[in-house]
Chemist: 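I have a structure I would like to understand better, so I am pasting it below and will then ask my questions one at a time.
Labels below follow one simple rule: chain letters A, B, ... track the order of the sequence lines, proteins then strands, and each chain is numbered from 1. What you are looking at is a predicted structure, and each value in this text was computed from that prediction instead of being measured.
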Amino acid sequence: MSEIRLRFPPSPTGYLHIGGARTAIYNWLYARKHNGKLILRIEDTDVERSTKESIAGIIDGLNWLGIDWDEGPYYQSDHIKEHIETAHKLVTAGHAYKCFCSKEELDAKRQDAVAAKKTYMYDRTCLHLSAAEIAARENQGTPHVIRFKVPDGDGAVVFEDKVYGRIERKYRDIEDFVILRSNGTPLYLLSNVVDDIRDRITHIIRGQDGLGNTPRQILIYEALAAPLPVFAHMSLTLDPQKAKISKRSHGEVVTVQFYRENGFLPWALINFLVLLGWSPASDQEIFTREELVASFSLEGMNKANSIFNYQKDHPKFITDPKALSTNAHYLQTMPVAELIPLVKDVLQGEDLWDESYENDRQAWFSTTVDLIRSRFHVLTDFARAGRAYFSDDYVMDPKPVKKNLAKHEKIPEWLGLLAQRYESLPEFNKEEAERVTRELADELAIKPGILINGTRTVVTGQAAGAGLFDVLMAIGRDRVIARLQKFSREGLS
RNA sequence: GUCCCCAUCGUCUAGCCAGGUCCAGGACACCGGCCUUUCACGCCGGCGACACGAGUUCAAAUCUCGUUGGGGACGCCA
């Protein structure tokens, strides 16, 4: 039997939009699940925007996400000739006609209609032109477009959308749309269909905003006597105000690149996006790749639009909280061995990487990453909140300073004493460190928590962290003592 | 203005097609509590929704109609 073939057809914009990524994910999952092929086709007919760089941006995004394709990238611009020929063929076959109405004339008619609150639709002036009239105008050099001739009568285009069910659109509600510009170049509606036919696309999964195009495109398929693909339109993802999410109004958060730069794991982003408008027949929310491919089905697509819950300038959430939470889940539970290369990237980016982490200090590095990750949400936390583990050049967060240090006047002195105790320990291990810490607190008649939290603040700069004595082992005796002594000398100056 | 689509907690959603087991389940967020040297995790608990109105039915979140609300499409953009 014929194979299942899907496509992802982005237009080059320089970045991959999360809505586009979501579309790509569904097409990809469907192809993988049904042993089909995914074709990447760049719709680059808008030459202005289609630079090498803007195409690379899209491909980078897909690569980072791990969405792979089987054919392509193909370029729509390579087939313009075919699109044009098809338009002429449609004219010859009587499915389309030349229209000599000027843009100005049509704009005027449209404006009149709008002003009169009437529906505007092309009035078919040129449909009724005789062969002689057409020839005359062509001889005069009057420019013309080619319009598709929508069938007459009471009929309708009817199709079964895999998500929305039966969709019907009456012929009389469809305008004779332009398929070829007066400069001879083809329009999207035509090019897209011609490409899909040539690429033998069997399933089209696209945004619900394409639903309005579908009846017109089906008309083209029919006029070309080409087999119809299966259509599945997916709900849109909107912002909390129910507006389309766009880079222009929301900024970088709508780009896949943003998530890479902000320490997301690609799979976590996919996991989050796939659940926006789709759900399995269970309560499962975390999936391996295999599980997702296995459970994906168009049946689970939600017809209602979903909302990308992003609040601009939120103090705590840089993006949808659920996306963050999904990412934190993976970050905290994935095998450390898989996490380490990702942490390496982040540390290298901040100049915090040391070759020894891969050699003699490998075990230490692994233990430390595992120790500190339980408080982290994104990879970049390793270079920020986790900075003190990899560098002596870190700053103390004002909050714990206020809470754990500033409140106690004598704490520089106390921590100095603590450093001495650590120094004189025959062996610096968790148990011994804890024992002498509590012993000192006892002697000073203060709560151990004061010493413990003070030490954490000085040594890591952070309010949150793992159990202090694990922290001390990770940072190491020498660095702990040095940091405590420095604080003892300099205080909060 | 015309056409198309949609409607369950703040958000993502299950349930709807094959009406009763749903005074509606899960997740995120939020709020309490437990644990604890901090924070987080974890655990326990709380808050919180079937848009509205009719109809069908013994019975409606589920079926029908209407209202309202929302989204999308109506380009010589893609």
Chemist: Taking the same atom, C1', in B:C31 and in B:C47, what whole-Å distance lies between them?
Modeler: 7 Å
Chemist: Select one nucleotide: of B:U38, B:U11, B:C12, the one nearest the side-chain heavy atoms of A:Lys403.
Modeler: B:U38
Chemist: Report the distance from atom CE of A:Met301 to atom P of B:A7, rounded to the nearest whole Å.
Modeler: 14 Å
Chemist: So, taking the atom named CD1 in A:Ile411 and the one named CH2 in A:Trp414, what distance separates them when rounded to the nearest 0.5 Å?
Modeler: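 Here the rounded value is 6.5 Å.
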Chemist: Is the charged tip of A:Lys109 near the ring of A:Tyr120: under 6.0 Å from the six-membered ring centre and within 45° of its axis?
Modeler: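 Not flagged: A:Lys109 not positioned over aromatic ring of A:Tyr120.
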Chemist: Between B:C28 and B:G66, how many Å separate the two P atoms, rounded to a whole number?
Modeler: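 Approximately 40 Å lies between the P atom of B:C28 and that of B:G66.
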Chemist: Should the ring pair A:His79 and A:His83 be called parallel, tilted or perpendicular, given that the plane angle runs from 0 to 90° and is split at 30 and 60?
Modeler: tilted
Chemist: With rounding to the closest Å, how many angstrom separate the C1' atoms on B:G15 and B:C63?
Modeler: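 Nearest-Å result for B:G15 against B:C63 at atom C1': 15 Å.
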Chemist: Taking the P atom of each, how far is B:U56 from B:U13, in whole Å?
Modeler: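 Straight-line distance between the two P atoms is 35 Å.
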Chemist: Rounded to the nearest Å, what distance is computed from the NZ atom of residue A:Lys303 to the C1' atom of nucleotide B:C17?
Modeler: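 These atoms are roughly 9 Å apart.
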Chemist: Starting from P on B:C28, measure out to CG on A:Asn271 and report it in whole angstrom.
Modeler: 13 Å
Chemist: Assess the residue pair A:Tyr389 and A:Ile372 against the criterion (side chain to side chain contact (heavy atoms under 4.5 Å, CB included)); give the C-alpha distance rounded to whole Å, side-chain angles, the decisive distance to 0.1 Å, and a yes or no.
Modeler: CA-CA 9 Å; A:Tyr389 290 86; A:Ile372 61 184; 3.4 Å; yes
Chemist: Can you check each nucleotide of nucleotides 69-76 of chain B against protein heavy atoms at under 4.0 Å and return B for base, S for sugar-phosphate only, - for none, in 5' to 3' order?
Modeler: -SSSS-SB
Chemist: Starting at atom NE2 of A:His329, determine the distance to atom P of B:C28, rounded to an integer number of angstrom.
Modeler: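 Taking atom P of B:C28 as the reference, NE2 of A:His329 is at 9 Å.
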Chemist: Base, sugar-phosphate alone, or nothing: which one does A:Ala304 contact when heavy atoms must sit under 4.0 Å apart?
Modeler: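 Contact class for A:Ala304: sugar-phosphate only.
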Chemist: Would you call A:Lys103-A:Glu105 a salt bridge at under 4.0 Å N-O?
Modeler: no
Chemist: Return the value, rounded to whole Å, for the distance between atom CD of A:Gln311 and atom C1' of B:G10.
Modeler: 9 Å
Chemist: C1' atom, B:C41 versus B:A78: distance in rounded Å?
Modeler: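 Between the two C1' atoms, the distance is 47 Å.
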Chemist: Below 30° counts as parallel, above 60° as perpendicular, anything between as tilted: where do the rings of A:Trp278 and A:Phe287 land?
Modeler: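 The arrangement is tilted - the two ring planes meet at 30° to 60°.
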Chemist: Below 30° counts as parallel, above 60° as perpendicular, anything between as tilted: where do the rings of A:Phe428 and A:Tyr422 land?
Modeler: perpendicular
Chemist: When all nucleic acid strands are considered with a 4.0 Å heavy-atom cut-off, which category describes A:Ile167: base, sugar-phosphate, or nothing?
Modeler: sugar-phosphate
Chemist: Considering Watson-Crick and G-U wobble pairs with both distances under 3.5 Å, what does B:U2 pair with?
Modeler: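 Pairing partner: B:A73.
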Chemist: Treat primed atoms plus P, OP1 and OP2 as sugar-phosphate and everything else as base, then score nucleotides 29-37 of chain B 5' to 3': B for base contact with protein heavy atoms under 4.0 Å, S for sugar-phosphate contact only, - for none.
Modeler: SS------B
Chemist: Would you indicate which nucleotide in B:U11, B:C3, B:A14 comes nearest to any side-chain atom of A:Asn309?
Modeler: B:U11
Chemist: Hey, what's the ring geometry for A:His314 with A:Phe317, parallel, tilted or perpendicular (30° and 60° as the breaks)?
Modeler: tilted
Chemist: Between A:Tyr97 and A:Phe148, is the gap from one ring center to the other below 6.0 Å?
Modeler: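 No, the ring of A:Tyr97 stays outside the 6.0 Å limit from the ring of A:Phe148, centre to centre.
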Chemist: Quick check: on RNA chain B, is the nucleotide nearest A:Phe376 upstream (toward 5') of the one nearest A:Arg166, or the reverse? Name the residue that is more 5'.
Modeler: A:Arg166
Chemist: Taking a pair as Watson-Crick or G-U wobble with both distances under 3.5 Å, which nucleotide is matched to B:G53?
Modeler: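 The base-pairing partner of B:G53, which may sit in any strand shown, is B:C65.
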Chemist: Would you indicate which nucleotide in B:C6, B:A14, B:U11 comes nearest to any side-chain atom of A:Asp320?
Modeler: B:U11
Chemist: For nucleotides B:A59 and B:U2, find the distance between their C1' atoms and express it as a whole number of Å.
Modeler: 41 Å
Chemist: Between A:Glu168 (CD) and B:C5 (P), how many Å, whole number?
Modeler: 9 Å
Chemist: If the C1' atom of B:G1 is compared with that of B:A18, how far apart are they to the nearest Å?
Modeler: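 The answer is 41 Å between these two C1' atoms.
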Chemist: Which part of the nucleic acid does A:Lys170 contact within heavy-atom distance under 4.0 Å: base, sugar-phosphate only, or nothing?
Modeler: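 The residue A:Lys170 makes no contact with any strand.
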Chemist: Provide, to the nearest angstrom, the distance between the CD1 atom belonging to A:Ile179 and the C1' atom belonging to B:C77.
Modeler: 16 Å
Chemist: Applying salt bridge (Lys or Arg N to Asp or Glu O under 4.0 Å) between A:Asp176 and each of A:Lys98, A:Arg124, A:Lys149, report the one that passes.
Modeler: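 In the set A:Lys98, A:Arg124, A:Lys149, the residue that makes a salt bridge (Lys or Arg N to Asp or Glu O under 4.0 Å) with A:Asp176 is A:Arg124.
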Chemist: Cation-pi between A:Arg41 and A:Tyr74: NZ/CZ under 6.0 Å from ring centre and within 45° of the ring axis?
Modeler: no
Chemist: From CZ of A:Phe272 over to P of B:U11, roughly how many Å is that when rounded to an integer?
Modeler: 14 Å
Chemist: Given the P atoms of B:C16 and B:U37, what is the spacing between them in whole Å?
Modeler: 49 Å
Chemist: With both distances under 3.5 Å as the test, what is the Watson-Crick or G-U wobble partner of B:C9?
Modeler: none
Chemist: Under 4.5 Å between any side-chain heavy atoms of A:Tyr330 and A:Leu339, yes or no?
Modeler: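 The answer is no; the side chains never approach within 4.5 Å.
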Chemist: Can you tell me the pairing partner of B:C34 across any strand shown, Watson-Crick or G-U wobble, with both distances under 3.5 angstrom?
Modeler: B:G42
Chemist: Tell me which of A:Ala323 and A:Lys118 sits closer to the 5' end of RNA chain B, going by the nucleotide each one is nearest to.
Modeler: A:Lys118
Chemist: When all nucleic acid strands are considered with a 4.0 Å heavy-atom cut-off, which category describes A:Glu43: base, sugar-phosphate, or nothing?
Modeler: sugar-phosphate
Chemist: Identify the nucleotide, in any strand shown, that forms a Watson-Crick or G-U wobble pair with B:A59, with both distances under 3.5 Å; if there is none, say none.
Modeler: none
